[in-house]
Every structure is written in C-alpha cells, then in structure tokens.
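Here is the structure we will look at.
Just so you know, residue 1 is the first one in the sequence shown, and it goes up from there.
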Amino acid sequence: MQNKLRKIEDFFRSARPPYKWEWIVLGILIFIPFISCFYGDTMSILIYENHFFGAIMDGDGLLSYYDYVMNNLGTGNYATYDFPMYIVLGIWGAPLWFFWGAKGISPLSSFVAKIYGKSIFLAAFAVTVFLVYFICKELKVSKERAIWGAFIYASSVMIYVSICLNGQTDILGLVFILAGILSYVRGRNVWFIIFYAIAVPFKMYALFTFVPLLLLREKKIWKIGVQTLGAISIRVISNMLFDPSSPAIQEKARFESEMFNRLTAQRLPLLNGSVPVVILLLGVVCVFCYLKQIESKEELDKYSVFIPLLAMGCLFVSFESSSYWYLHLTPFLAIMLVYNWGNMKICMLFESVAMICLTAANYATRAWAFEIYFYPEMALGKLFGDYNALETPVMLIDLCGRVGLVKYAGCVYAVYTVLLFTVIFLSRPSKINREGENIPIRGYAVLRLAANAFVAYIPAILYLYNVYLAHKS
C-alpha cells in the first residue's frame, strides 16, 4: 500500500511533460462540452459559413455577401465583422453549403452540420497550442517546460468558455496574433506586420498588443506610422470593397460604433469627466514602451511576453467585456507561467483563482450566455432527453442567485482584478526568474485542470439535474 501511495506521490511530483494519455483526457474534457452546447451566436456563425458560397452561387457574388446574409438571415445576427474573417469561415463552411444549403436545408437543423461548423474553433485551437509551445521554445524555455506551457494554455477555463460554451471566433484571430508574436521574438519584422495585418480584421484587439510591441522596438516616428498602416491595411482595403450606403454595411458601421462606445464607456473624473479608462491605461503602456530602451535580446524576450500580458490585463479590467473575449489573456498568462519559472507556483495559484472568479462572476452577470436552454438539441439532449416536463426548471441564473453570486458578483470581479494584476506585477521583467527550483508542476497542473473543468461543466451538470427532475416527475 505504501509503495502505491509513494508511486502516486512521485507521479504528481514529477516535472516530466504530460503523457499522451493526459493530453487525451484533456481532449475528452474539452470535447464533451464542445458537442453538448450550442450558443446563440454560434448559430449566426454557422449561417455565415453557409452563406459565403450562397452569396457566390445564389447571390450577386462575393461583394454581395453582407447583403445576402441580411436578406437570408432567418435567425441570428447580421454580418458585422470585416470581410477577411468571413472568407475563412466561408472556406471552412463550404461543405455546409454543398450538403445542406444548396438543397434548401438549413445547417442548423442537423447535429452533424452544427458540430462540423463549430469545429473550425477546434482546428484553430490546435494551431494556437502549437504556437504557444513554439513561442516558449523561442524564448529559450526548455522543451519540457514549453510543453507544460502548451498544456496549461489548453486547460484554461477560458478555452472551455470561448470555444466550447460560447463558441466564438476570437480563437481564429488569436492564431495570427500568436504567429505575429512568434515572428516578433524571432526578429522577423515583416512577418510580424503581415500576421497582425491578418489578425486585425478578425477583431481589433490585435492592435492593443501590436502597437505597444512596435513602440518597444521602434523609436522613429515615421517607421511607427508606416508599420501601423501596414497592420491595418487589410482591414482598410477590405472595407473599401463594399458600398457604404448599403443597408448591410450601414448595420456593420452601427455595430462598430456600438462596440467603440462599449469599449470606452468606463470613464474617469478627469478634465471634463469623459476620459475613457481603456484609452488612459493603454496609453500609459504605449508611452512606457516608447520610452523603454531595450539593451539586449534577453531583455527584449522578457518584454515580448510581459507587454502583451500587461496590455490585455489593462484592457480586460477597463470595460464591460463579453465572457469569451477574455480568451485573449489566456496564452500570455500560460507562457508567462513557464517563462517566470521561479514564481510559477504562486502565479499559477493566483491565475487559476482569478480566472475561476471571472467565470463565476460571468455566470452571474451574463447567465443568458451559458444557460441550460443551449443544451437540449446537442449531445446531452440526444443522450438523456430534455427538461420540458418541468414547469419551473432550475436555471443557471437561479443557481447563481441561491449561492449569492448575483449579489456579490462585483466583489468576485474585484478578486479577479486584484489577482490578475498581482500575477502581472510578479511577472514584471525585473522579477522574472527563469530558473527556480525543481517544481512539481504536474500536481499543480492537474489540480488546475480539475478545477477549471468543474467550473466549465457547471451549466451541463445543471442541465442534467433538470433532466433528472423532469424524468422523476
């Protein structure tokens, strides 16, 4: 018995990279909620994928895409992002059109079509896992720690939220952001700009890491201007292709205005009381980067990880974010955890608690984005049935109310904010400790994985509880 206990203890104290079976377990834990939940916005994404070839075959060509979506929407949201994202979605969604759409059948009526359309997120996620590993390796992190960095990233609770539960496109842009940062660390400036130029049309969050990183390395104003124009060039050119007077393009412009107002809604009582918090915080980061003189490749490596983490940290405490946007924090936290090895234990603890608190608070304040009514038509519903027999099902918002999350959501967000900035403070370049002791990372990583999976599974567990009550009645 003692030998078995010792073997178990030795296993959790091991720093050896994750075994294949551990990756398989993680994959299963991700795949179950992925096939079990179909969020409302994911329905829109499936329509975007299907209608790309619809616009070509049944519409007036590619440039009619926005109008075609508006006129043939049925259910969901209008197409309001930049066109390059819809090109990627449309290419992936070609089978949806040829097997369903061209026959007059909505892909939303098929479980297989839903899973295929949503699977683009899994493909992009797999690419980002490898990119996190390569960035770690480029930063001279050992192979073992680099693999742990990829595993820590892949097991983040934000992966469950953004890819499995909310099923949103942020992971697509993140591929090009990470590819840009990998190019930046390698000193390949042209590819750094190219990858960010592709990332910006997916969502503008890419600019919030591009500009500080650019200012960190480039001090000549004209070069800063030219390279920034390069980063937004694809977005500008793609927008010029469409008629601004089109109702669909006007809807896109209205949406962009709403997003800008949402981004700058939180204001400080400075000057006339209308100073946006996000602009102030990111402005300070940019000024710091411009004034900072990098003296060595090692110092540049440290700031290449720290600055994106700092910028995203400032961004995601300064406005009311959607639950899936926080994904943009995840890779930088994971990379920093293995890069700053000497502070890994305390930083992993704070990171884990911070992201769990964030998710719990989002359950309370944005319960409608995680509710149990997204489950009946997917895998769990097909296996176990629905809860229609219940007159008053226990909804997620009810559960959050009963445990006090609704009342104290602001306090939980405060815990997230404090712990996040504690991690950032402990990860500042002057305090980065790349060596550290022989830390038993497996034990910490497994506990973190279990905690994150449990929190992510709460809506599914609640759904099954309601199904149980329905069958019992």
Side-chain angles (χ1 to χ4, degrees), residues 38-109 113-114 116-118 120-121 124 166-173 176 197-207 231-265 322 324-325 368-369:
F38 203 78
Y39 177 52
D41 284 0
T42 315
M43 298 180 188
S44 300
I45 292 167
L46 214 72
I47 292 171
Y48 303 151
E49 292 176 327
N50 178 68
H51 284 2
F52 184 80
F53 276 92
I56 296 173
M57 302 297 184
D58 291 346
D60 296 323
L62 278 179
L63 297 186
S64 70
Y65 177 77
Y66 287 96
D67 292 311
Y68 184 86
V69 171
M70 174 174 275
N71 296 330
N72 297 274
L73 186 60
T75 184
N77 303 312
Y78 296 132
T80 51
Y81 289 107
D82 293 324
F83 193 57
M85 186 178 80
Y86 297 117
I87 294 176
V88 174
L89 291 174
I91 293 172
W92 185 272
L96 297 179
W97 167 256
F98 290 109
F99 287 105
W100 287 276
K103 300 175 183 178
I105 304 171
S106 171
L108 294 174
S109 63
K114 288 179 180 179
Y116 173 78
K118 194 178 176 184
I120 188 174
F121 305 139
N166 291 161
Q168 276 286 349
T169 58
D170 295 76
I171 191 68
L172 304 181
F176 300 104
I198 300 172
V200 167
F202 282 82
K203 283 189 180 176
M204 293 289 285
Y205 296 135
L207 277 179
I232 64 173
S233 59
I234 293 179
R235 181 178 192 271
V236 171
I237 293 171
S238 67
N239 285 340
M240 291 173 61
L241 298 175
F242 299 93
D243 180 9
S245 63
S246 161
I249 298 302
Q250 289 180 349
E251 180 65 25
K252 177 177 181 290
R254 184 194 64 78
F255 173 80
E256 291 173 348
S257 177
E258 286 183 359
M259 288 299 100
F260 177 79
N261 292 336
R262 180 174 172 182
L263 183 67
T264 58
S322 293
Y324 43 84
W325 291 344
W368 49 267

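Between Y65 and the choices V69, L63, L62, the side chain to side chain contact (heavy atoms under 4.5 Å, CB included) rule is met once, by V69.
At least one donor-acceptor pair under 3.5 Å links the side chain of S106 to the backbone N or O of L108. Looking only at distances, a side-chain donor or acceptor of S238 sits under 3.5 Å from a matching main-chain atom of I234. Looking only at distances, no side-chain donor or acceptor of W100 sits under 3.5 Å from a matching main-chain atom of P95. Here the side chain of T42 pairs a donor or acceptor atom with the backbone of N166 at under 3.5 angstrom.
Going from atom OG1 of T169 over to atom OH of Y48 covers 9.0 Å, rounded to the nearest 0.5 Å.
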_Step-by-step ring pair (Phe, Tyr, Trp, His ring centres under 6.0 Å) determination, Y66 to Y86_ = CA-CA 10 Å; Y66 287 96; Y86 297 117; 5.8 Å; yes
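Remark: R262 does not engage E258 in a salt bridge, criterion side-chain N to carboxylate O under 4.0 Å.
Contact annotation: the side chain of E256 never approaches that of M204 to less than 4.5 Å [non-hydrogen atoms, C-beta and beyond]. Using a 4.5 Å heavy-atom threshold, the side chains of N77 and F255 count as separate. Looking at heavy atoms from C-beta onward, M259 lies out of side-chain contact with K203 at the 4.5 angstrom threshold. Inter-residue side-chain proximity for F52 and Y68 is flagged as unmet; no heavy-atom pair is nearer than 4.5 Å.
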